Number of protein chains: 2
Amino acid sequence: MSTRRDAVRQTLSESSGFRSAQDLYADLRADGSKIGLTTVYRALQALSDSGEIDVLRNDDGEAVYRACGTESHHHHLVCRVCGTAVEIEGPTVESWAAETGAKHGFTDVTHTVEVFGTCPRCSS
Amino acid sequence: MSTRRDAVRQTLSESSGFRSAQDLYADLRADGSKIGLTTVYRALQALSDSGEIDVLRNDDGEAVYRACGTESHHHHLVCRVCGTAVEIEGPTVESWAAETGAKHGFTDVTHTVEVFGTCPRCSS
DNA sequence: CGCGTTTTGACAATCATTTTCGTTTTCGGC
DNA sequence: GCCGAAAACGAAAATGATTGTCAAAACGCG
């Protein structure tokens, strides 16, 4: 059965930015769902395990999730006011990270990149 | 008075990688200090406020700190096995982030970049 | 319709971090 | 050296996100 998981996935997809678990839970309840907080966490974990969504931590240490349009490796440009995220790609960064890692003798190099700013709508 | 703060700073400086607050606290107590956990947190907060140390979150949502050799903007290449961090610079990335943000109309663009890998010592 | 399996959700437990609050220490005068 | 205000301490309680527990409910299936 995956009704609940789908509900979580859908709610997340309808959002344009990163959402916290608590946040999504509130949304779901507001929509009349009788879903429990535990289930929201389980759904989010399952979704991130299967690679359907991205997880990262905000500065408060809260886990935030996002359903991405593409499954390939990419980064985000996030508005620090409204949270809206734009998916971006940076071949430049990819290769720079790989080279830098290699230069120091590191192997299995991975990286995380997040770009923050104020989006046009929020800055006006 | 800043004896305690100095003790925290020093313990942090002696470490080569990112350390968590709990971790540092354990170290200090092990060294015979009667410092309290509260004070460790206060010291770390004060140090990060003054820009003397870097803070970021690990995947567990725990805050980790690091005393950096330079105060200018830079990033880290962190060994995922032993935690050792190398300070790195990436002019390429800096400008890429700025350009990408601007291209989408974002203002006040900042970014976070962390590169992970396995260091030479740990991979052998 | 029963039966074993899976999913759910209320509630308790965890754990890092923060607050609270009374006590101790530091310091600039005197 | 001594005094009082202000800053620093630290123990213990509070907080808040996340996870674990476990019994009840929904499902698939014969």
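Values reported hereafter were calculated over all heavy atoms of this structure, with side chains retained and with hydrogens, waters and symmetry mates removed. Keep in mind it's a predicted model, so treat the numbers as computed, not measured.
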- Take the protein atom OH of B:Tyr65 and the nucleotide atom P of C:dA16, then report the distance between them rounded to whole Å. 13 Å
- Query: Are B:Glu62 and B:Arg57 side-chain neighbours, meaning at least one heavy-atom pair lies under 4.5 Å?
  - Reply: no
- To the nearest angstrom, how far is A:Leu44 atom CG from C:dT8 atom P? 13 Å
- So, is A:Gln45 close to the D:dT18 phosphate, meaning a side-chain N or O under 4.0 Å from OP1 or OP2? no
- Task: Could you check which residues of residues 32-42 of chain A get a heavy atom under 4.0 Å from DNA chain D? Sort them by number, please.
- Result: A:Leu37, A:Thr38, A:Tyr41
- With the side chain of B:Ala63 defined as its heavy atoms from C-beta on, choose the nearest nucleotide among C:dA10, D:dT19, C:dT17. C:dT17
- Task: Rounded off to whole Å, could you give me the CG-to-P distance for the A:Asp60 and C:dC15 pair?
- Result: 22 Å
- Provide, to the nearest angstrom, the distance between the CG atom belonging to A:Asp59 and the P atom belonging to C:dT18. 12 Å
- Item | Residue pair A:Arg80 / B:Asp108, side-chain heavy-atom distance below 4.5 Å | yes
- Message: Measuring to OP1 and OP2 of C:dT7, would you say a side-chain N or O of A:Arg5 lies under 4.0 angstrom away?
- Response: no
- Taking for each residue the nucleotide of DNA chain D bearing the nearest heavy atom, is the 5' side occupied by B:Tyr25 or by A:Ala21? B:Tyr25
- Query: How many Å lie between CG on B:Asp6 and C1' on C:dT26, as a whole number?
  - Reply: 15 Å
- Query: Under 6.0 Å from the CD atom of A:Glu89, do we count more than 12 heavy atoms belonging to anything else shown?
  - Reply: no
- Describe the nucleic acid contact of B:Glu62 in one word from base, sugar-phosphate, nothing, applying a heavy-atom distance below 4.0 Å. sugar-phosphate
- Message: Do B:Val8 and B:Ile35 make a side-chain contact, defined as non-hydrogen atoms from C-beta onward lying under 4.5 Å apart?
- Response: yes
- Item | Interatomic distance where CD belongs to B:Gln22 and C1' belongs to C:dA16 [whole Å] | 5 Å
- Value in whole Å for how far the P atom of C:dT17 lies from CG of A:Asn58: 14 Å
- Task: Taking the side chain as every heavy atom from C-beta outward, state whether B:His104 and A:Ile88 have any atom pair closer than 4.5 Å.
- Result: yes
- Task: Sort and list the pairs that fulfil ring pair (Phe, Tyr, Trp, His ring centres under 6.0 Å) and have at least one residue in residues 12-46 of chain B, not counting sequence neighbours.
- Result: B:Phe18-B:His76
- Taking the inter-plane angle between the rings of B:His111 and B:His75 on a 0 to 90° scale, is it parallel (under 30°), tilted (30 to 60°) or perpendicular (over 60°)? tilted
